[in-house]
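Following: one structure in structure tokens, then a few remarks.
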Amino acid sequence: MSPLNIGVVGTGIFARDGHLPVFQDHPDQFKVVAAFNKTKAKAESFAEAAGIPSNKVYDSMDALIEDPEVDYVDALLPAQFNLEIVKKCIAAGKPVQIEKPIAANMEQARALVNATEATDIPVAISENWSFLDAITVAKQHLPRIGEVVGFQHNSTGPFVTHNKYMTTSWRQHPEHIGGFLSDGGVHQLALLTALVGEIESISALTSQVREASGADDIVFSTIKIRDSKCIGSFSYGSAFGATDKWIYLKIYGDNGSIMIELNNKAAPVVRVRVGSDAEHAGEEEVYNVAEEKSFGIYHEFDNFHHAVARKDKSLIISTPRAAFHHLACVAAFIKSSENHGDHVEVEQY
Ligand SMILES: NC(=O)c1ccc[n+]([C@@H]2O[C@H](COP(=O)([O-])OP(=O)(O)OC[C@H]3O[C@@H](n4cnc5c(N)ncnc54)[C@H](OP(=O)(O)O)[C@@H]3O)[C@@H](O)[C@H]2O)c1
């Protein structure tokens with residue numbers, strides 16, 4: 001497999017700590033050849049770490065996009081800039097992978113999906129939780145538990161004051177709907193919907209616990225799955241006082257259940273019980289998942305690499321349409337909460 005040349009736009013924390021290590025671990029697939037950042041000094045230090053020559057540290061996003069040496073763009077920007085860069089890349093015929101959430105609001109998200117539907121240029125959203133090995137393992141056992149009728153999704157934890165991401169001003173003063181609820185919540189929704197399907201309607205209450213969050217930072221909700229009798233609950237927030245970090249998805253079928261535990265992200269556990277009732281319950285089966293160390297990031301770039309190399313956007317797993325749905329769920333949490341928990345339909349593309 002020959003490496004594709006990547007231009008990185010937005011050389012902040014996650015470009016340096018999340019994406020670059022994956023590119024450097026897989027030189028057969030990825031070569032970072034250019035960088036642009038609003039504050040140029042950050043792009044220069046990123047370039048040094050990535051081995052990018054100084055003449056490829058650009059003064060504008062457009063110059064990087066137009067560089068013929070760049071095969072595709074990896075953009076890590078606050079969500080309100082995603083639509084602009086996707087439009088620029090499509091106009092230049094350049095594939096682009098943007099970070100989640102897909103956009104700052106549903107209008108932008110719709111415009112972004114419209115733009116990507118009208119082109120063959122591959123565009124993907126970096127929702128790395130869509131690529132977890134734990135999902136692959138759980139999917140193998142799903143048919144064994146019969147019809148899926150219910151679920152509990154819980155991702156809660158303590159507030160971390162010295163969180164490197166907390167200090168970013170665009171998170172503290174979010175222009176994107178949901179603030180932290182969409183920042184991290186779309187990952188949870190990617191995991192949930194990959195296993196139980198699209199969400200039809202939501203009843204939710206949200207609340208702001210921490211001033212530093214800039215917007216509501218916890219949600220408790222009930223959910224109905226589309227075209228299914230499956231119902232469930234979804235709780236999310238890392239704004240609490242001292243408590244365990246507790247991430248799990250339990251899926252109930254009429255012939256058993258599956259529990260996915262992600263408390264230890266390096267070593268998820270999938271537990272399966274098969275049987276139609278208490279009298280016919282099999283022994284618990286425990287599957288320890290060898291989660292890839294980047295927690296889905298390598299798999300997402302591997303997937304995008306194939307789509308770009310084969311010029312086939314249909315290969316993309318983390319599509320703009322899927323990410324539209326995840327942001328639409330967050331929008332529905334907020335709308336429902338504004339209406340005292342009334343059930344609201346999730347906007348469809
Ligand atoms: N998938 C995940 O698990 C995960 C984890 C963390 C972050 N992320 C995503 O990664 C992206 C970056 O997050 P981060 O944590 O790395 O934050 P960050 O360090 O603040 O990076 C944001 C970058 O955007 C740039 N930027 C800000 N305003 C801009 C503008 N008007 N025009 C062009 N560039 C602008 C910043 O440049 P300056 O430094 O010059 O302001 C900075 O390089 C976000 O989309 C975030 O959601 C994803």
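Ligands are counted one by one from 1 in listed order, and the atoms in each one are counted from 1 as well. All residue numbers refer to positions in the sequence shown, counting from 1.
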Hey, mind stepping through Phe23 and Phe30 against ring-ring contact (aromatic ring centres under 6.0 Å, His included) and telling me if it holds? CA-CA 5 Å; Phe23 299 147; Phe30 314 113; 5.4 Å; yes

Can you find an N/O atom of [X] closer than 3.5 Å to an N/O atom of ligand 1?
X	result
Ile13	yes
Pro78	no
His187	yes

Taking the side chain as C-beta and beyond, is there a heavy-atom pair between [X] and [Y] under 4.5 Å?
X	Y	answer
Val137	Ile260	no
Ile6	Tyr72	yes
Ile258	Arg144	no
Ile297	Phe131	no

Atom indices of ligand 1, in the order listed, that fall short of 4.0 Å to a heavy atom of [X]:
X	value
Thr168	17 (O), 18 (P), 20 (O)
Trp170	13 (O), 17 (O), 18 (P), 20 (O), 22 (C), 44 (C), 46 (C), 47 (O)
Tyr165	6 (C), 15 (O)
Thr11	43 (O)
Gly10	43 (O)
Gly12	16 (O), 19 (O), 21 (O), 43 (O)
Asp183	47 (O)

What protein heavy atom lies closest to [atom]? Include the residue and the distance to one decimal.
atom	answer
atom 1 (N) of ligand 1	Asn128 OD1, 2.9 Å
atom 40 (O) of ligand 1	Thr39 OG1, 2.4 Å
atom 39 (O) of ligand 1	Lys42 NZ, 2.5 Å

CA sep, side-chain torsions, deciding dist, call: Phe301, His26, ring-ring contact (aromatic ring centres under 6.0 Å, His included): CA-CA 10 Å; Phe301 277 102; His26 300 275; over 10 Å; no

Give the single entry among [options] that approaches [atom] most closely by any heavy atom.
atom	options	result
atom 37 (O) of ligand 1	Asn37, Ile125, Leu76	Asn37
atom 7 (C) of ligand 1	Arg171, Glu99, Lys100	Arg171
atom 45 (O) of ligand 1	Leu77, Val9, Val8	Leu77
atom 29 (C) of ligand 1	Lys164, His176, Lys38	Lys38
atom 4 (C) of ligand 1	Phe295, Phe14, Phe81	Phe14

Are Phe333 and Phe234 close enough that their ring centres sit under 6.0 Å apart? yes

salt_bridge([X], [Y]) N-O dist < 4.0 Å:
X	Y	result
Lys100	Glu127	no
Lys311	Asp120	no
Arg271	Glu261	yes

Result for salt bridge (charged side-chain N to carboxylate O under 4.0 Å, His left out) between Glu69 and one of Lys56, Lys31, Lys94 points to Lys56

